[in-house]
Number of protein chains: 2
Amino acid sequence: MALSEEKQKQIVDAAIAEFQEKGYAGASMDRISCRANVSKRTVYNHFESKDVLFSAIIQRLADRLNAALEIAYDPDRPIRPQLERLAWAEGDLLTDPDFMKLARMVMGETIRDPELAADMNSRMTKTAVFEEFMARANADGKLHAPDPQLAAEQFLGLIKSQGFYPRIFTDAPVSREEMAGIVDRSVEMIMKSYGRE
Amino acid sequence: MALSEEKQKQIVDAAIAEFQEKGYAGASMDRISCRANVSKRTVYNHFESKDVLFSAIIQRLADRLNAALEIAYDPDRPIRPQLERLAWAEGDLLTDPDFMKLARMVMGETIRDPELAADMNSRMTKTAVFEEFMARANADGKLHAPDPQLAAEQFLGLIKSQGFYPRIFTDAPVSREEMAGIVDRSVEMIMKSYGRE
DNA sequence: AAGGTAAACTATTCAGTGTAGTTTAGGCGC
DNA sequence: GCGCCTAAACTACACTGAATAGTTTACCTT
């Protein structure tokens, strides 16, 4: 139903804000329902517990990440713009304030438990896509990266060390202009190391 | 009193572990007293509230950081080993599991509030020491860094981007050997950019 | 006498439930 | 289109039970 879906969206939005501000333990279901302009019972009709609600939000973040990074290597196009596009797939997320807020929240909750954090990090860090891409370009003779996994990690590392980690503690993500520079420099570095132009 | 001091240490250690595991909101004063093998009243005799106890731990971390970084430029010694020593002052902390655990805890608590996070970051990031050092070496003619603040940030950034950020989510800090490499490469880069040998 | 212990106690917050009543949207006869 | 019905979804609110910050009291140890 349309109404139900709308209520659900209100709940999720309110929950994101509440979890973001107070953390999991500090968040209150009463406040969430209040922020969502919805009765507490409705919250529980949509999400059977606080935990389920929290997990649903995490899942939403992961889904979004996976969707954004569905990029495959195309042998018919030159390598450099493809690397740029790949970098921008990550860059788009990192320049989005909402994504960064969500990411910050998840990090705050998981950082204390290294195992959980590692799991979350692997769900959030789609090295696999980068790795696959590198391996394909390699096989196609457009790159010369003996260790595609390392190359993928370096590529992502270059982007995140400039565009993500330094901004975890800040309200403002990197601007599109800054990201353009980051993408350029990162692609340049990968091309210098592994390029075959 | 010696006994009292010992109890206090037990309390602080237990509190660190508890805050680390559960976060501020999730931590329980009952569990802290239990972990410390101390009565709850004793906890409250030493620290008048949960908040005070938490702050005391933060302060302890900040103090340790400040103490570790009390390094001044010495015009009578060559610049490179002095840069290495400065880098190692930071490196020592980053290779210490206890320090990293504390840092992770503080980050988890502050990350949600950008203002608090920025404040904490400034308390934890002693750019000032690096900056002062750079400026002195500059005035002494051993370095040529037109913007000492930038140079200091770059120096620290090089170290932290390799030795800190990638390890926030991991249980294991960088090893001393890895840190040696990080220090070498970072000093090398600074010398290449600003050196006058 | 100084500091510690143990355990009960207060007051509060909060996750989650139960219930009785209300809104909404769509279907159906007309 | 119009009134009427139904069922699902929502609301308001009181309630339970558990956890928890912080206090009090009476007693113990060195």
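Computed from a prediction, not measured in an experiment: that's the story for all the values here.
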Show me the side-chain donor-acceptor pairs of residues 83-90 of chain A shorter than 3.5 Å, one per line, residues at least two apart or across chains.
none

Check your understanding: What residues form a side chain to side chain donor-acceptor pair (under 3.5 Å) with Glu131(B), not counting sequence neighbours?
Key -> none
Exercise for review: Let me know the distance between CD of Glu6(B) and C1' of dT30(D), rounded to the nearest Å.
Suggested key: 14 Å
Check your understanding: Under the side chain to side chain contact (heavy atoms under 4.5 Å, CB included) test, which residues partner Ala62(A), sequence neighbours left out?
Key -> Gln59(A), Arg123(A)
Revision key, fill the gap. ring-ring contact (aromatic ring centres under 6.0 Å, His included) pairs touching residues 89-117 of chain A, sequence neighbours excluded, are none
Review point. Rounded to the Å, how far apart are Gln10(B) CD and dG3(C) P?
Key: 16 Å
Point to revise | By ring pair (Phe, Tyr, Trp, His ring centres under 6.0 Å) - contacts of Phe133(A) (at least two apart) | key: Tyr73(A)
**Study point:** Heavy-atom protein contacts under 4.0 Å, nucleotides 5-15 of chain C, coded B base, S sugar-phosphate only, - none
**Key:** B---------B
Point to revise | Strand-adjacent residues in residues 51-60 of chain A, judged by heavy atoms under 4.0 Å from DNA chain C | key: none
Check your understanding: So, is His46(B) near the phosphate of dG3(C), with a side-chain N or O under 4.0 Å from OP1 or OP2?
Key -> no
Check your understanding: Tell me: CD1 of Ile32(B) to C1' of dG22(D), nearest whole Å?
Key -> 13 Å
Practice item. Please check if any side-chain donor atom of Arg35(B) sits under 3.5 Å from a side-chain acceptor atom of Gln10(B), or the reverse. Key: no
Point to revise | By side chain to side chain contact (heavy atoms under 4.5 Å, CB included) - contacts of Ser33(B) (at least two apart) | key: Lys40(B), Val43(B)
Check your understanding: According to the ring-ring contact (aromatic ring centres under 6.0 Å, His included) rule, which pairs have a member within residues 52-72 of chain B, sequence neighbours left out?
Key -> Phe19(B)-Phe54(B), Tyr24(B)-Phe54(B)
Review point. Taking CD from Glu48(B) and C1' from dT23(D), how many angstroms apart are they, rounded to a whole number?
Key: 14 Å
